[in-house]
**Q** 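My questions will all concern the structure given below.
Residue numbering restarts at 1 for every chain, and letters A, B, ... go by the order of the sequence lines.
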Amino acid sequence: MGDLTEIAKKTNLFNCLECGKCTSVCPISRFGGQYSPRLMITRSIQGHYDELLVDRQIWTCLTCGMCNVHCPSDVHYTEFTRLARIESNRSGQEGLCSHGGVFQSLTKIMTSSNLKQNRMDWASSDLKISKGGEFLYFVGCLPYFDVFFSDIGVESLEIAKSVIKILNHLGIEPVLLPNERCCGHDLFWTGDMINFQRLAEHNVAEIKKSGAKTVLFSCPECYRTFKLDYPQYVGELGFDVIHLSEFLAGKVANNALKFHALKKGVTYQDPCRLGRHLGIYDPPRQLLTQIPGLTLLEMPKSREMAICCGTSCWTNCDLTSKQIQLGRLRSAKQTGADLLVTGCPKCYIHFKCAQSDQNAADEVKIEIEDLATLTAEALI
Amino acid sequence: MAQKKIKKNGFHPKIVAFACNWCSYAGADNAGVNRIQYSPHFRVIRTMCSGRVKPGFILKAFQLGADGVLVSGCHFGDCHYIFGNERAVELFEKTKKMIRLLGLEEKRLRLEWISAAEGTRWGQIIDEFVDEVTQLGPSPLVSEKTK
């Protein structure tokens with residue numbers, strides 16, 4: 001079977017000092033017991049590749065990047081996991097799909113060239129969108145999440161509607177792509193590079209065809225994929241990419257957004273893709289603190305220390321994930337905030353799901369709202 | 001009769017039929033025992049209950065090249081697990097919405113209640129469904145196969 005030596009070299013695995021910091025900060029090993037990044041690295045260095053590539057543990061990692069931040073010898077553990085998953089995927093292994101594999105199938109269906117989606121029904125007439133222009137808003141999988149998670153009270157299309165409302169407030173009428181596909185983030189992190197490449201090529205071609213110069217994202221995963229991964233696989237993009245929070249943080253600095261007061265204490269959950277992967281910690285906070293009446297209460301573990309929302313890529317959702325989610329919700333509640341603001345639709349869905357448990361205690365009951373929805377709510 | 005028509009068109013749809021163990025699968029068996037002649041262009045997948053058929057299963061079928069998907073279970077009130085088929089309706093509605101988003105004809109998806117005694121009905125429904133899907137033509141979702 002595959003040889004991981006090259007991958008191990010590329011990701012600095014041989015630098016490992018066996019200090020164990022990665023395992024001590026890993027949210028999975030904190031709640032899950034069995035899993036240990038340090039042990040995975042040791043096993044790789046010792047060359048137990050055959051054993052490693054068929055091990056379930058390789059699919060356990062959340063790729064949240066907590067270990068990367070703490071590693072004193074610059075081991076890129078998440079990158080190692082990703083590359084090892086490509087090898088493992090080649091030999092027919094895959095992670096345990098959550099939700100009956102619906103999102104895995106969905107993303108693979110998206111690669112079909114004849115696909116003609118009906119994904120624009122939500123864009124009602126009060127939301128001004130244009131056929132062509134400088135700004136393009138990449139909606140991502142929100143229409144699908146909206147249908148699929150309707151039973152746990154997730155209305156993810158509210159995020160998309162809010163983004164358009166905010167942009168309209170700024171006098172921007174964004175372009176939407178009627179045939180945009182999934183960005184391929186989940187395929188990228190679960191080792192399916194063939195389908196990822198197809199999605200990337202399709203999306204970049206569609207955006208280029210629309211003539212947009214700047215593409216705006218409300219989803220950190222799409223943003224990360226476009227910003228860091230697409231250039232590697234499809235070459236120069238030819239357009240700028242920007243996350244909504246960065247874009248709006250620039251606007252609030254110029255007082256372009258007019259807010260009314262919202263008397264609320266809020267706490268912010270840093271999404272791993274936006275935070276540790278891209279280093280965007282301040283723009284969302286700048287935006288929140290600009291809303292009058294809003295007090296930002298930080299959780300003890302925030303910014304680069306922020307705990308992940310428990311699952312990634314719609315794989316391996318289990319009791320450990322639930323424990324991580326409940327732990328995070330508890331910590332949000334303890335700040336005394338009325339509202340937990342999330343920057344990523346997936347964090348929003350995962351926390352909502354954890355709360356939807358009938359046995360969920362009062363200590364995890366806190367209102368959750370997306371950054372875009374809250375901003376749109378505060379607009380005059 | 002139905003079969004002849006299909007042959008002329010030269011297109012044989014691939015239909016995946018999810019049948020629950022307690023009613024529909026037995027119904028399909030009954031159709032065989034009674035030697036009912038009906039279209040062969042379907043593949044049965046037995047599930048313990050129609051409520052087991054998650055949206056993911058249906059999308060997977062489409063992903064792998066199905067032209068139509070039939071979900072069948074016990075009649076209301078007859079479910080072996082009391083309310084499994086009510087769950088099936090909820091899941092089916094969700095799937096239908098996703099299929100609509102994907103731009104696929106809603107006719108490619110069908111939910112039917114077929115009891116263990118309704119072998120003839122099983123045959124009729126399969127014939128009807130095969131005809132319908134044949135008219136719609138091949139699924140646009142058939143992707144360049146990787147898996």
Side-chain angles (χ1 to χ4, degrees), chain A residues 89-94 96-122 139 141-152 154 156-157 178-182 187 190-199 201-202 314-315 317, chain B residues 11 13-14 16 18 20 45 47-69 71 83-84 86-109 133 136-147:
Chain A
N89 193 276
R90 260 186 216 136
S91 59
Q93 304 290 319
E94 55 182 18
L96 281 177
C97 307
S98 316
H99 307 289
V102 66
F103 294 106
Q104 279 77 6
S105 290
L106 197 67
T107 38
K108 283 178 189 156
I109 284 174
M110 292 269 193
T111 59
S112 159
S113 47
N114 301 328
L115 191 69
K116 286 190 185 64
Q117 300 170 79
N118 288 322
R119 52 179 298 145
M120 301 283 287
D121 293 356
W122 57 273
V139 183
C141 299
L142 295 177
Y144 294 94
F145 294 164
D146 197 74
V147 169
F148 196 79
F149 294 106
S150 52
D151 51 356
I152 54 166
V154 170
S156 50
L157 275 177
N179 208 14
E180 81 173 42
R181 307 277 168 91
C182 165
L187 294 174
T190 48
D192 187 347
M193 297 313 286
I194 301 167
N195 284 323
F196 170 75
Q197 182 86 23
R198 284 192 187 128
L199 291 173
E201 279 164 9
H202 176 91
W314 308 114
T315 47
C317 180
Chain B
F11 163 61
K14 277 185 193 148
V16 174
F18 289 100
C20 89
I45 296 175
T47 54
M48 284 311 277
C49 179
S50 52
R52 177 72 181 93
V53 184
K54 289 192 166 189
F57 296 10
I58 299 176
L59 285 191
K60 180 97 179 179
F62 281 118
Q63 178 213 328
L64 295 178
D67 298 302
V69 176
V71 182
F83 51 78
E86 290 169 30
R87 178 88 183 113
V89 176
E90 287 168 22
L91 291 172
F92 186 80
E93 288 307 318
K94 215 187 233 184
T95 321
K96 210 165 183 178
K97 282 184 195 159
M98 295 193 94
I99 290 296
R100 219 193 91 68
L101 277 172
L102 281 169
L104 208 64
E105 298 90 344
E106 278 173 33
K107 275 191 176 169
R108 291 190 190 273
L109 199 56
V133 176
L136 288 172
S139 157
L141 295 193
V142 181
S143 62
E144 295 79 33
K145 275 204 190 113
T146 50
K147 286 214 159 181

**Q** Side chain from CB out, backbone as N, CA, C, O: work out which of these in A:D121 comes under 4.5 Å of a heavy atom of chain B, or both, or neither.
**A**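 The side chain, not the backbone.
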**Q** With chain A as the partner, which of B:K97, B:R100, B:K60 has the greatest number of non-hydrogen pairs under 4.5 Å?
**A** B:R100
**Q** Identify the residues of residues 86-93 of chain B whose heavy atoms come closer than 4.5 Å to a heavy atom of chain A, ordered by number, or report 'none'.
**A** none
**Q** Under the rule for ring-ring contact (aromatic ring centres under 6.0 Å, His included), what residues qualify as partners of B:F57, not counting sequence neighbours?
**A**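 By the ring-ring contact (aromatic ring centres under 6.0 Å, His included) rule, B:F57 matches no residue at all.
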**Q** At what distance, to the nearest 0.5 angstrom, does CG of B:L104 lie from CG of A:N118?
**A**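 Between atom CG of B:L104 and atom CG of A:N118 there are 10.0 Å.
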**Q** For chain B, which of A:Q104, A:K116, A:M110 has the most heavy-atom pairs under 4.5 Å?
**A**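 When all of A:Q104, A:K116, A:M110 are compared, A:K116 has the most.
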**Q** Tell me whether B:R52 at atom CZ has more than 12 heavy atoms from other residues, nucleotides or ligands lying less than 6.0 Å away.
**A**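 No - once you tally the heavy atoms of other residues, nucleotides and ligands closer than 6.0 Å, there are 12 at most.
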**Q** What I'd like to find out is whether the side chain of B:L101 reaches to under 4.5 Å of the side chain of A:Q117, using heavy atoms alone.
**A**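 Counting from C-beta outward, B:L101 and A:Q117 never come under 4.5 Å.
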**Q** Could you give the distance from CG (B:L59) to NZ (A:K108), rounded to the nearest 0.5 Å?
**A** 12.5 Å
**Q** For B:P140 and A:S112, work out which heavy atoms get closest and say how close.
**A** O-OG, 3.0 Å
**Q** With chain B, which of A:L115, A:V102, A:D151 has the greatest number of heavy-atom pairs at distances under 4.5 Å?
**A**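 Most pairs with chain B among the choices: A:V102.
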**Q** Taking all heavy atoms of A:V147 and all of B:K94, pick out the closest pair and write down the distance.
**A**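 Of all heavy-atom pairs spanning A:V147 and B:K94, the closest is CG1-O, 3.6 Å.
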**Q** Let me confirm one number: the CD1-OG distance from B:I58 to A:S105, rounded to the nearest 0.5 Å.
**A** 11.0 Å
